Every structure is written in C-alpha cells, then in structure tokens.
Amino acid sequence: MWVSMNEMSGLARPGRFALGAFHAANLEQVQGVLEAAVEHRSPVIIALSEPAAIYAGIGAFLALSQELSREVPSPVSLLLDHVHDPD
C-alpha cells in the first residue's frame with residue numbers, strides 16, 4: 001500500500017517502532033525490500049540515491065515502486081532525500 005511520508009511517520013509514533021529505509025536501484029532490490037516488509041509485517045521506506053535515479057530513471061523507478069507496493073499489505077513510501085537535482 002503506497003503512502004506519503006507524512007502518513008508513514010504517523011504510523012511509527014503510536015506503534016513505537018523505527019521506520020526502516022532501504023536503498024534500492026532495480027526491480028529485484030525493490031521486490032526484496034517489499035518481501036521483507038511483508039514477512040515482518042512492517043512499514044518500509046524505499047530510498048533512492050541520485051546515482052540510482054540516473055541509472056534507473058526516476059519516473060520508471062517511481063512507477064515500478066508504486067505498482068509493486070499496491071500488491072503488498074505493508075505501507076510503503078519512497079524517499080528521495082539523496083537526490084539533489086529535481087530533474
């Protein structure tokens with residue numbers, strides 16, 4: 001389930017748990033992060049670095065992450081804090 005970072009941070013407070021952010025740059029890595037989130041019944045943040053954004057293409061990566069997150073019950077957000085160039 002795709003959620004905003006605002007919603008994601010709101011989930012951690014009442015549940016009293018940390019939010020894991022994991023770097024991913026391709027389909028297999030995103031799948032692995034989501035499988036772990038489901039297995040541990042935990043929200044997850046997929047982080048994208050600038051080199052990975054250049055490699056994968058930000059639009060394609062965003063679409064891939066959103067589509068895959070619709071298939072899992074765990075809340076999923078995308079973190080772009082390491083991407084310096086908005087283009």
Side-chain angles (χ1 to χ4, degrees):
M1 143 187 30
W2 192 255
V3 299
S4 71
M5 287 299 289
N6 242 0
E7 292 173 278
M8 182 67 76
S9 62
L11 294 171
R13 288 185 196 113
R16 295 186 174 190
F17 56 84
L19 295 171
F22 302 92
H23 283 271
N26 60 38
L27 169 67
E28 293 80 8
Q29 291 173 347
V30 172
Q31 288 173 322
V33 168
L34 295 178
E35 287 172 14
V38 171
E39 182 179 332
H40 294 280
R41 297 184 189 130
S42 174
V44 69
I45 300 167
I46 299 171
L48 182 65
S49 65
E50 192 159 18
I54 292 167
Y55 167 76
I58 189 90
F61 189 85
L62 178 60
L64 166 80
S65 299
Q66 284 181 316
E67 185 61 31
L68 291 175
S69 73
R70 289 186 180 106
E71 300 173 8
V72 299
S74 298
V76 180
S77 287
L78 183 64
L79 179 66
L80 301 173
D81 74 332
H82 298 293
V83 178
H84 302 288
D85 182 0
D87 294 331

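Treat the numbers as computed from the prediction; the structure is a model and nothing was measured. Note that the numbering runs from 1 along the sequence shown for the chain.
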A63: partners by side-chain contact (heavy atoms from CB on, under 4.5 Å), with sequence neighbours left out: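 Applying side-chain contact (heavy atoms from CB on, under 4.5 Å) to A63 gives none.
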Pairing residues for V30 by the side-chain contact (heavy atoms from CB on, under 4.5 Å) criterion, not counting sequence neighbours: A24, L34, I46, F61, L64, S65, L68
Mind checking side chain to side chain donor-acceptor pair (under 3.5 Å) for E7 and listing every partner two or more places apart, or none if nothing turns up? S4
Output all residues satisfying side chain to side chain donor-acceptor pair (under 3.5 Å) with R41, sequence neighbours left out; order by chain, then residue number. none
Main-chain N/O of A37 paired to S74 side chain as donor or acceptor, under 3.5 Å: yes
Determine which pairs satisfy salt bridge (charged side-chain N to carboxylate O under 4.0 Å, His left out) with at least one residue from residues 56-72, sequence neighbours left out, and list them in order.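 Those involving residues 56-72 are E67-R70.
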Can you pull out every salt bridge (charged side-chain N to carboxylate O under 4.0 Å, His left out) where at least one residue sits in residues 21-32? Sequence neighbours excluded, please. none
Nearest heavy atoms of V3 and M8, plus distance in Å: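 That closest heavy-atom pairing would be CG2-CE, 3.8 Å.
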Nearest 0.5 angstrom please: L78 CG to L48 CG, how far? 6.0 Å
